[in-house]
Amino acid sequence: MEEIDDALLALRDGVDVAPLITHRFPLDRAAEALSVAAELAAGSSKVLLRLSDRWDSAPT
């Protein structure tokens, strides 16, 4: 759990994680997001599940 604490602190301090995110999905496509995250051939690194469009203007 220490890694999660470190990650949250880094995000709070402004670390830009956008370059790490390979896929973005809205909440209503959660099943697809999980499939992509689990599929090695999809080339996913970090899959983001958006709970709201408010915080993410990048395309899916």
What pairs with Glu3 under side-chain contact (heavy atoms from CB on, under 4.5 Å), at least two apart in sequence or on another chain?
none

Once side-chain contact (heavy atoms from CB on, under 4.5 Å) is applied, do any residues pair with Thr22, and if so which ones, sequence neighbours excluded?
Ser44, Ser45

Would you compute the distance between atom CG of Leu48 and atom CG of Leu20 and round it to the nearest 0.5 angstrom?
11.5 Å

Sorted by chain and number, sequence neighbours left out, side-chain contact (heavy atoms from CB on, under 4.5 Å) with Ala31 holds for none

Atom pairs and distances, donor-acceptor, side-chain atoms in residues 4-15, under 3.5 Å, two or more places apart:
none

Residues which pass side-chain contact (heavy atoms from CB on, under 4.5 Å) with Ala33, listed by chain and number, not counting sequence neighbours:
Phe25, Val47, Leu49

Filter on salt bridge (charged side-chain N to carboxylate O under 4.0 Å, His left out), then keep only pairs touching residues 31-46, sequence neighbours left out; what's left?
Arg29-Glu32

Identify whether Leu51 and Val36 are in the same connected component of the hydrophobic contact network (ILVMFWY, side-chain heavy atoms under 4.5 Å).
yes

